[in-house]
Q: 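Here's a structure for you.
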Amino acid sequence: METKRMRRPQQPVPAPDSEREGPFWAASAAAGRKPPRLMHLHPSTVLLLLASLLLICIALSGAHRSFPLDRLRAKGGLENGTFPSLGGPKDRFLHGLLAAGFDEQSCLSRYQSVLYRKGSPHVPSSYLVEKLRNYEALHKKCGPNTELYKKAVEQLKSDHGTQSTECNYVIWISYSGLGNKMLSIASAFLYALLTNRVLFIDRGFDMADLFCEPFPESSWLLPLDFPINEFDTFDMKTPKSYGNMLKDKVIGNGDDGTSTHSLPDYIYLHLSHDYGDYDKLFFCEDDQRFLRFVPWLLLRSNNYFVPSLFMIPTYEEELKHLFPEKDTVFHHLGRYLFHPTNSVWGLITRYYQSYLAKADERVGIQVRTFETDAGPFQYVLDQILACTQKAKLLPDASGQDTVVSTPKTKSKAVLMTSLNSGYSENIRNMYWEHPTVTGEIISVYQPSHEGYQQTEKQMHDMKAVAEIYLLSLTDVLVTSAWSTFGYVAQGLGGLRPWILFKPENHTAPDPPCRRAMSIEPCFHAPPFYDCKAKTGADTGALVPYVRHCEDMSWGLKLVDRNEW
């Protein structure tokens, strides 16, 4: 049975300071005098001052967009949750992606994150914005404690869950590491959008401590008294999985999608890496027509299965309108769904302001190895240096002491994330002991080094969320092959990373890395089946906007036509 946990209350956050206390007023008060009054000046002097002020305003109005955010941060623009106006409210709401109406102090990251990240060139479509507002209304109507939700639950308890209901649901089951969780939640949410279902997430051990509620006036957390709670036992052998019920002929569907058997009260969708051929029929059009009659779908996955949704003809037109840029799905949905709680946001902002804010450029390097030994490994270090220097992300260390830096020398802050501290220590020492050939000053930082992955340990997961977000705030990014941690960072940041190829035989690969085709994550375990032809097929060659991944030859990822 699943342990029922109560969400801990958020710590109160002090209210913003009054906006009237600007620097001019503060300086005057500190000097013990009142600001000068224009009425005591000669009229000609007043006119001259006003003209000068007008010229200054004109100059500032053209320059405010390029005014460095770091200088605003350094001047306390983000203290106590205050929000300087940069580009107007459209930037704040990410061109309509985010809804208004939230208590801002309860989730500071929702509207403050724009201050730490460069503006995205990818603007959500008006159709996606409208779809999200419609979904929010549906979630409010069918969410926890509503009469419609209670009615649907009563039907589920009475084993008559397939009677006609006004609200249909998909429940995401907490499973796997943090990166996998975020990718599968985004996938499940897109499926909910496409099928007009309400998404609930199983809170697992600490999901409520990591992310704020994304939907206004309603919760996305599955109520603790939900009648099905043996989620830990669900796997590929579960009798009520869609694949097993098809294989055992417990259910069947006709050509029109209607059932040829009595329908169960719910269906479990096993979409994890170990799913079988019958489970994979979920991605076929006939099976989707059948599943629409089932009010409750319970979904367990550690995959970003979005690319295969794009190959279901039923959803093709809808997805075209939602995402005209096909490689921006996670970029938009991730920024919509995942807002770190105030506790996690504090970790992010304190680290950023302490170590990264003042640098001219920020370079993110995410290191993930799949060796059984802890490391560090010299061949991995060699690969990192070969990649960053070949791609001109970091300069070479000359080994000479004749390069002299000046106050105008460019500085780069390198943010490294790894379970092991050895890689960052080696690179930090290299740039400390030897000057760079360009004269640039390189600083290397690593927030944590946990040693090994500790899934569902609260502070470990909080640090993981913080590091993912810090990586997403960098200017350029290097990620490790096969790593969902890196996929999430690149998607949130809208960054097309350099991907470090997976080493073989303890040897640094040549070439060491390559630039990603798109900012989208990779679907690691896609089906290789042509639903229409009912035969095996290379699903990376069926449509032009789904290609095989750079780091995993059998994986699938979305690309935009102008990127390949």
Side-chain angles (χ1 to χ4, degrees), residues 1-10 107 135-159 161-162 165-178 180-193 195-235 238 240-242 264-272 291 294-302 333 336-339 341 455-456 458 461:
M1 299 289 287
E2 183 190 52
T3 304
K4 297 183 178 180
R5 304 175 179 87
M6 297 298 293
R7 182 173 181 179
R8 298 181 304 166
Q10 297 283 348
C107 185
Y135 174 83
E136 290 160 3
L138 176 68
H139 197 102
K140 182 179 177 181
K141 183 176 77 170
C142 302
N145 300 318
T146 63
E147 290 304 316
L148 290 173
Y149 168 77
K150 292 175 183 177
K151 179 181 178 181
V153 168
E154 287 305 315
Q155 288 189 10
L156 180 62
K157 288 179 179 178
S158 64
D159 293 332
T162 55
T165 58
E166 191 171 345
C167 300
N168 295 322
Y169 300 88
V170 56
I171 297 174
W172 173 86
I173 297 174
S174 182
Y175 165 60
S176 198
L178 179 66
N180 301 71
K181 287 178 179 177
M182 295 176 73
L183 295 178
S184 59
I185 288 175
S187 304
F189 179 62
L190 178 58
Y191 182 66
L193 287 181
T195 57
N196 203 38
R197 291 178 179 270
V198 171
L199 172 70
F200 284 140
I201 68 166
D202 163 31
R203 65 193 69 205
F205 179 77
D206 58 5
M207 289 299 291
D209 298 308
L210 302 180
F211 301 107
C212 304
E213 296 281 0
F215 312 131
E217 302 182 66
S218 188
S219 177
W220 70 338
L221 296 173
L222 182 68
L224 292 169
D225 59 356
F226 187 71
I228 302 170
N229 53 22
E230 64 272 15
F231 293 149
D232 290 343
T233 67
F234 283 15
D235 57 22
T238 298
K240 277 203 169 184
S241 76
Y242 184 59
D265 47 354
Y266 71 88
I267 285 180
Y268 163 57
L269 302 172
H270 185 75
L271 301 181
S272 297
L291 288 169
V294 182
W296 294 95
L297 298 177
L298 280 57
L299 186 152
R300 186 176 190 257
S301 177
N302 56 0
L333 297 187
Y336 174 76
L337 290 171
F338 302 117
H339 307 288
T341 58
T455 299
E456 295 198 340
Q458 186 188 47
D461 284 349

Q: Pair E230, I228 - check side-chain contact (heavy atoms from CB on, under 4.5 Å), show working.
A: CA-CA 6 Å; E230 64 272 15; I228 302 170; 4.0 Å; yes
Q: Enter the distance from K140:NZ to S218:OG here, rounded to the nearest 0.5 Å.
A: 9.0 Å
Q: Can you list everything that forms a side chain to side chain contact (heavy atoms under 4.5 Å, CB included) with S301? Sequence neighbours excluded, please.
A: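 Scan of S301 (side chain to side chain contact (heavy atoms under 4.5 Å, CB included), adjacent residues dropped) gives S184, L271, L299, N303, F305.
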Q: Can you find a heavy atom in the side chain of H270 that is under 4.5 Å from one in the side chain of Y242?
A: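 No, every pair of side-chain atoms sits at 4.5 Å or beyond.
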Q: Within the structure provided, determine whether Y149 and V198 are in side-chain contact (heavy-atom separation under 4.5 Å).
A: no
Q: Mind checking what makes side chain to side chain contact (heavy atoms under 4.5 Å, CB included) contact with N302, not counting sequence neighbours?
A: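 Per chain and number, N302 pairs via side chain to side chain contact (heavy atoms under 4.5 Å, CB included) with Y175, S176, N180, S272, H273.
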Q: Looking only at non-hydrogen atoms, find the nearest pair between P223 and R203 and report the distance.
A: CA-NH2, 4.3 Å
Q: Nearest 0.5 Å please: distance from the CD1 atom of I171 over to the CD1 atom of I201.
A: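 It comes to 11.5 Å.
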Q: Please round to the nearest 0.5 Å and tell me the distance separating atom CE of M207 and atom OG1 of T341.
A: 11.0 Å
Q: When rounded to the nearest 0.5 angstrom, what is the spacing between CG in L298 and CD1 in I173?
A: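 Reported value, rounded in 0.5 Å steps: 5.0 Å.
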Q: Minimum heavy-atom separation for P144 and F200, please, with both atom names.
A: CD-CE2, 3.5 Å
Q: Just to verify, what does Y135 make a ring pair (Phe, Tyr, Trp, His ring centres under 6.0 Å) with, not counting sequence neighbours?
A: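 Y135 satisfies ring pair (Phe, Tyr, Trp, His ring centres under 6.0 Å) with H139, F189, F215 only.
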Q: Please identify each residue that fulfils side-chain hydrogen bond (donor to acceptor under 3.5 Å, both in side chains) with S187, with sequence neighbours left out.
A: none
Q: Under a 4.5 Å cut-off applied to non-hydrogen side-chain atoms, are I267 and L291 in contact?
A: yes
Q: Begin from the C-alpha positions of W220 and L337 and carry the test side-chain contact (heavy atoms from CB on, under 4.5 Å) through to its verdict.
A: CA-CA 10 Å; W220 70 338; L337 290 171; 4.1 Å; yes
Q: Do any N or O atoms from the side chain of R197 and from the backbone of P295 form a donor-acceptor pair under 3.5 angstrom?
A: yes
Q: Would you call K151 and E154 a salt bridge, taking side-chain N to carboxylate O under 4.0 Å as the test?
A: no
Q: How would you list, by chain and number, every residue that makes a ring pair (Phe, Tyr, Trp, His ring centres under 6.0 Å) with F234, sequence neighbours excluded?
A: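 So F234 forms a ring pair (Phe, Tyr, Trp, His ring centres under 6.0 Å) with F231, Y268.
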Q: Checking side-chain contact (heavy atoms from CB on, under 4.5 Å) for the pair T195/V170: CA distance, chi angles, key distance, verdict?
A: CA-CA 10 Å; T195 57; V170 56; 5.9 Å; no
Q: Under the rule for side chain to side chain contact (heavy atoms under 4.5 Å, CB included), what residues qualify as partners of C167, not counting sequence neighbours?
A: C142, L148, Y169
Q: Could you grab the distance from atom CE of M182 to atom CG of L210, nearest 0.5 Å is fine?
A: 9.0 Å
Q: Taking all atoms of both residues into account, what is the closest heavy-atom pair of A192 and L199, and its distance?
A: CB-CB, 4.3 Å
Q: Which atoms form the tightest heavy-atom contact between A208 and L221, and what is the distance?
A: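 Minimum heavy-atom separation between A208 and L221: CB-CD1, 3.9 Å.
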Q: Taking all atoms of both residues into account, what is the closest heavy-atom pair of L156 and P227, and its distance?
A: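 The pair with the smallest heavy-atom distance is CD2-CG, 4.0 Å.
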Q: How far does OG1 of T146 sit from CD of E166, to the nearest 0.5 angstrom?
A: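 The CD atom of E166 is 10.0 Å from OG1 of T146, to the nearest 0.5 Å.
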Q: Do the two ring centres, one from W296 and one from F226, sit under 6.0 Å apart?
A: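 Here the rings of F226 and W296 have centres that are less than 6.0 Å from each other.
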Q: Using side-chain heavy atoms (C-beta onward) and a distance below 4.5 Å, is L138 in contact with N196?
A: yes
